[in-house]
Amino acid sequence: MKGHTLFNWIFALLASLVLLFIIAPLAGMFLHTSPEEMRSTASDPAVIRSVWYTLAIAFAATIIFAVGAVPLAWIMARRKFPLKNVVQGIIDLPVVLPHTAAGIALLGFISRDGFLGGAAQKAGILLVNNGAGIALAMAFVSLPFLINAARDGFAAVPERTEKAALMLGATQSRIFFTISLPQAWRSVVSGFIMMFARGMSEFGAVVIIAYHPMIAPVLIYDRFNTYGLSAARPASIIFILVALFFFVLFRVLATERRQIFRREDDATD
Amino acid sequence: MMLRTEKLCKRLDAFLLQEISLEVSKGDYYVLLGRSGAGKTQLLELICGLTPPDKGKIFLDGEDITRKRVQDRGIGLVFQDLALFPHFSVKDNIMYPLKVMKLPLKERVDRVQRTAGEMNITDLLLRKPENLSGGEKQRVALARTLVTQPKILLLDEPMASVDASLKDSIRRMLRRLNRNGQTIVHVTHDFGEAISLASRVGVMHNGRIIQEGTPDEVFTHPANRFVARYAGIKNFFRVTFVRSYNCCSCITDNRTKFKLPKGDYPSSGLLIIAATEVLLSRQGAAGVQINNIHGVIEDIVPSPLGYEITINAGDHFYADITRREMDEEKYVTGEPVIISFRPESLKMVGEGEEMNKY
């Protein structure tokens with residue numbers, strides 16, 4: 001038992017060090033910022049605008065790309081096809097790429113000379129230095145989080161339930177919407193939150209695509225470059241608090257939904 | 001003929017379903033019996049279209065359905081794990097196929113109520129599957145399939161998730177369904193289930209149907225040693241026939257000799273003796289002049305009817321004796337005994353080339 005206690009102490013110590021490493025810089029930032037600085041930054045229209053802009057674009061990018069990402073996740077979970085490992089590698093690629101490199105690659109694609117950029121320009125849309133371009137950059141680096149979480153969710157759905165629905169006469173699309181998606185819902189929502197969170201905190205890829213209009217991470221960088229650390233701190237805190245608020249809110253909403261289901265279950269007993 | 005398959009073949013990785021031809025008449029209760037891995041479930045999946053066959057044809061009610069969509073075949077399948085939809089209530093599970101059929105709401109509700117009533121699950125309709133027992137889940141899965149009024153009902157090991165105490169009630173329910181005209185194909189590994197339910201039996205082994213017929217035909221005249229073993233027959237011996245002027249006899253590979261009633265016998269075959277027909281005594285069974293073989297009791301184990309005694313007489317014989325007989329004779333292991341058989345209790349099966357495979 002003595003060895004067991006020592007083991008617990010050592011692990012608790014190591015775990016605390018890691019947690020402290022995460023908390024200390026954030027706590028330091030809060031402690032070094034006066035309420036006065038916070039008040040003035042919170043009422044700065046440029047800061048407010050950039051925060052809302054970041055949230056809105058990250059949310060839109062997640063919703064729009066989910067339309068294709070969720071079916072891709074289902075295919076990865078359910079279908080066997082040649083070079084499936086290569087496709088999985090492609091999906092994971094944005095996670096390992098330096099984000100500035102991802103931005104450069106994307107810029108070539110969406111600039112006026114690029115394939116997508118050229119087509120968009122003909123339709124009268126400019127993707128560079130524009131919200132649409134920022135959304136593409138956010139989606140590019142954060143898509144793997146949604147695809148992989150949803151894929152795991154679909155893979156965990158018992159295939160027999162899908163086969164049973166087929167035997168009961170349902171079409172593939174009905175099975176997807178009534179059997180597969182509801183059972184994988186929790187993972188899909190979790191992937192959605194992760195993609196949103198990752199997208200709104202993106203800096204490297206976005207700054208290559210669009211310095212302006214400024215999203216919050218670019219604004220923080222800009223304040224730091226122009227005015228120094230003390231000017232960047234309050235903007236960082238405000239963005240962290242707002243991001244944290246929405247992150248927690250989505251998590252709570254997802255949990256609420258589960259609990260509502262559970263209450264309905266209890267009520268039927 | 002309700003269901004007919006014509007030389008169905010399918011290769012699944014290393015496993016091969018070979019030339020499966022079976023016929024199920026309207027109103028039949030057809031039991032496919034075989035060990036796990038025999039290919040029973042794969043055959044069901046071929047019939048209902050979840051897996052396409054490599055070769056062969058499937059006919060349902062005279063129509064070739066080999067390439068027909070799963071949804072349009074009119075076949076109901078209840079999976080071994082039941083595959084209830086966990087996020088739906090029992091009612092919504094049963095309602096699901098009716099919504100797919102786009103039936104009017106009133107008819108949907110009526111059908112759900114009627115089927116739930118027949119399956120005795122009306123009080124479970126608002127529950128979720130996770131709150132049901134194995135037997136209840138089984139009834140719900142059956143109801144969900146029956147509500148579609150399938151031409152033929154396929155059941156994959158329907159007793160697998162049911163407690164032993166509830167098996168009887170499920171069995172009664174299946175018998176009642178069949179009596180009401182539902183054609184059923186039931187897959188199982190359980191010999192008892194086959195005996196108690198089947199109007200016809202097909203025994204599957206290594207991807208083939210090796211014997212087919214009524215339960216009586218199959219289990220009293222097993223075509224080979226695999227079926228015999230399945231039917232619980234333990235005394236079967238490969239024998240060579242010896243013919244002399246006025247009597248017939250046969251001899252096992254271990255030189256045990258049996259005298260047989262007069263008749264025509266092939267040159268070699270399988271000799272089968274029911275364990276209840278093996279007479280055990282210390283001096284030779286009364287009235288039996290021939291086929292008295294000396295041996296030693298090797299093992300005595302309790303059985304549902306009394307005891308099963310293993311006797312080593314060169315070959316191993318198994319004798320079933322009643323508890324009363326045991327109380328009177330008090331046999332012990334290691335004791336020399338005589339086993340006797342009446343010639344008419346010896347059954348011969350011609351051993352074709354197929355025989356040695358099993």
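A note on names: the letters A, B, ... follow the listed sequences, proteins ahead of strands, and every chain is numbered from 1.
- Smallest separation of non-hydrogen atoms from Thr161(A) and Leu84(B): CG2-O, 3.6 Å.
- Minimum heavy-atom separation, Ala170(A) to Gln71(B): O-NE2, 3.0 Å.
- Residue Phe115(A) places its CZ atom among 12 or fewer non-hydrogen atoms of other residues, nucleotides or ligands, all under 6.0 Å distant.
- Across Thr178(A) and Phe88(B), no two heavy atoms sit closer than the pair O-CZ, 3.6 Å.
- No more than 12 heavy atoms of other residues, nucleotides or ligands sit less than 6.0 Å from atom NZ of Lys57(B).
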### Task
Check step by step if side chain to side chain contact (heavy atoms under 4.5 Å, CB included) holds for Glu45(B) and Lys163(A).
CA-CA 10 Å; Glu45(B) 295 205 348; Lys163(A) 282 187 176 179; 3.5 Å; yes
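- Heavy atoms closer than 4.5 Å to chain A are found nowhere in Arg73(B), neither backbone nor side chain.
- With respect to chain A, the highest number of heavy-atom pairs below 4.5 Å among Pro97(B), Ala141(B), Pro150(B) belongs to Pro97(B).
- Heavy-atom distances place both the backbone and the side chain of Leu77(B) under 4.5 Å from chain A.
- Side-chain contact between Arg174(A) and Tyr96(B) is present, with heavy atoms from C-beta onward closer than 4.5 Å.
- Smallest separation of non-hydrogen atoms from Cys48(B) and Met167(A): CB-CE, 3.5 Å.
- In the displayed structure, Lys7(B) atom NZ is contacted under 6.0 Å by at most 12 heavy atoms of other residues, nucleotides or ligands.
- Between Thr145(B) and Leu168(A), the closest heavy-atom pair is CA-CD2, 4.3 Å.
- Annotation for Phe81(A): atom CZ counts as buried by contact number, over 12 foreign heavy atoms lying within 6.0 Å.
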